[in-house]
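Below is one structure; the comments refer to it alone.
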There are 2 protein chains.
Amino acid sequence: MISPIQVRDMTPRHLRNSCVNCSLRELCLPIGLSQDEMSELDKLITQARPIKRGEALYRAGEPFRSLYAVRLGFFKASVISEDGREQVTGFHMSGELLGMDAISTDVHTCDAIALEDSEVCELPFSDIEDLSRDVPLLQRHLHKVMSREIVRDHGVMLLLGNMKAEERLAAFLLNLSQRFAVRGYSSSSFHLRMTREEIGSYLGLKLETVSRTLSKFQDQGLIKVQNRLIELENIDSLKKLLNTCHDE
Amino acid sequence: MISPIQVRDMTPRHLRNSCVNCSLRELCLPIGLSQDEMSELDKLITQARPIKRGEALYRAGEPFRSLYAVRLGFFKASVISEDGREQVTGFHMSGELLGMDAISTDVHTCDAIALEDSEVCELPFSDIEDLSRDVPLLQRHLHKVMSREIVRDHGVMLLLGNMKAEERLAAFLLNLSQRFAVRGYSSSSFHLRMTREEIGSYLGLKLETVSRTLSKFQDQGLIKVQNRLIELENIDSLKKLLNTCHDE
DNA sequence: ACGATGAATTGATTTTAATCAAACCAGAGG
DNA sequence: CCTCTGGTTTGATTAAAATCAATTCATCGT
């Protein structure tokens, strides 16, 4: 049986061959399924579906049928307000689950757009529910994954409600860094898949502010920026930017 | 059997007597359980627990065992960042469910503080999971409730990321108004249970800005403010404040 | 290789909300 | 009834980020 640790340390390349593995990281990884349960799960998962850069995996308003596990690539999820303002609610990379917002109304409430050529596994939600009735570990894990999304959202609220531009950017870069690290990529050097405007939308800033703040970090020797390539040169100082208490 | 509409229209007073009813609105209301299933559910629910104004229902760091359905009263939920900044993540009133963030790690990540004398039903989560394996409608509904929380959080992100102070306040007041209405209270006249500072924390504003903005609304004849008593005098104009597109 | 296009940077200015500061008010307890 | 306290309002000033505007840069297709 595959232990959580083993899979967690696998490089993305290793994850490519099995669709079960792809969905494992977020949906059903740390749960120790039996062989039988694994193969049940396997049946559930349809062929991997490729999504080209710029394409939508789904859009707000479309009927909800499935969750999607990102197998490969990079997505942004965003909501559009009635008056047309976009708010990016998250960036999602391999192993993460998309579409949980849609369960509540059986209609997608976000757009999910691929920011690079990507692949997803489609997980029909009614199958997940059926299976999770028979496999308590899966049930438990589904709940954890949804809860984790709520916790993540609370973190973003804290960021948007309390932090200054510099802190937001620092938090953003450190978060990306950490997530790349988990996936076996460099934590200190990575390529941003999104525009400054999309970063700004996520962080509640205008694109000019994002650009300026990145430049400032560069001037301070914290990072190196070459267009979308970011190198973190002083992670500790970035972290200090976050922990420094400003008020009271 | 109780239809959703019936219960939805019940006044809070009617909801007092049965603990099942209290948790119905959010957790298991719109699902049409059989009598048997209802009584199963009933067993699960422990005695209502009173929480005095100012007391914590739970605090971040405490082990997670149960979700809580607010039976009566008013709560704020808030996260504290490492450096001590508070972000109110939500206000919760009767019929709403608290604690879903804790499922992910089995530890509470928020504080939940009563803003007036309140009562909650404790719903041991392992019981919910057990029961929801046998009662698909409950399973489905639990998923919907968690998903709704995610959608709600996305709405807050949109508010924090995109809106100006006036829009945030307008959205906040209209949201409260609507939620009071659903519970059979006046939608145009209500008492704020929270301080200006708590409103500000939720909306990503300082308390002075909240106060000033309320005063401005009053000057414009949109609302009347007498300390914590709010009267909405021109709901349409408040809504217009939201829908008006400012950029592009 | 070259122009076109979308993205990013940088500067100048304005707007917005935060901050600092000083009253003011309402309710609780003696 | 009065005082104390926490909460609120309001004003003056400052700080932060948005906005407006102009280049510059990078990529892609021809």
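A note on names: the letters A, B, ... follow the listed sequences, proteins ahead of strands, and every chain is numbered from 1.
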Inset, instruction - Indicate, yes or no, whether a donor-acceptor pair under 3.5 Å links the base of D:dT19 to the side chain of A:R212. - result: yes

Rounded to whole Å, the CD-P distance (B:E166 to C:dT16) equals 9 Å

* Which is it for A:F91 and A:Y202 under the ring pair (Phe, Tyr, Trp, His ring centres under 6.0 Å) test, yes or no, and what are the steps along the way? -> CA-CA 9 Å; A:F91 296 106; A:Y202 182 60; 5.2 Å; yes

Comparing B:L214 with A:N227, nearest DNA chain D nucleotide closer to 5' gives the residue B:L214

note: A:L160, atom CG; D:dA17, atom C1'; distance rounded to Å ~ 14 Å

Between NZ of A:K164 and P of D:dT14 the distance, given in whole Å, is 17 Å

query: Does any donor-acceptor pair link the side chain of B:R228 with the base of D:dT9 at a separation under 3.5 Å?
result: no

Using a heavy-atom cut-off of 4.0 Å across all strands, would you classify A:G204 as base, sugar-phosphate, or nothing? sugar-phosphate

Can you classify the ring geometry of A:Y58 versus A:H108 as parallel (below 30°), tilted (30 to 60°) or perpendicular (above 60°)? parallel

Here the distance between atom P of D:dA16 and atom CG of A:N162, to the nearest Å, is 16 Å

Do A:L174 and A:K239 have side-chain heavy atoms sitting under 4.5 Å apart? yes

Q: Look at the side chain of B:R196 and the base of D:dG6, then say whether one donor and one acceptor between them are separated by less than 3.5 Å.
A: no

For this session: Look at B:T195 and D:dG7 and indicate whether a side-chain polar atom (N or O) is within less than 4.0 Å of OP1 or OP2.
Result: no

- prompt: Do A:Q218 and A:K224 have side chains that get closer than 4.5 Å, going by heavy atoms?
  reply: yes

In whole angstroms, the gap separating P of D:dA16 from CG of A:L169 amounts to 16 Å

Against the side chain of A:K206, the closest entry in C:dA17, D:dT10, D:dT19 is D:dT19

Picking from C:dT19, C:dA17, D:dA18, the nucleotide nearest the side-chain atoms of A:L205 would be D:dA18

Separation of D:dT9 atom P from B:K216 atom NZ, nearest Å, is 15 Å

Can you find a side-chain donor-acceptor pair between B:S78 and B:E86 that sits under 3.5 Å?
-> yes

**Report entry** Any A:S211 side-chain N or O less than 4.0 Å from OP1/OP2 of C:dA8
**Finding:** no

Contact under 4.0 Å: B:S215 side-chain N or O vs D:dT10 OP1/OP2 | yes

Between CG of A:L192 and P of C:dA8 the distance, given in whole Å, is 9 Å

To the nearest angstrom, the CD-P distance between A:Q218 and C:dA8 comes to 15 Å

I'd like to know if A:E208 reaches the base of D:dC20 with its side chain such that a donor and an acceptor end up less than 3.5 angstrom apart. yes

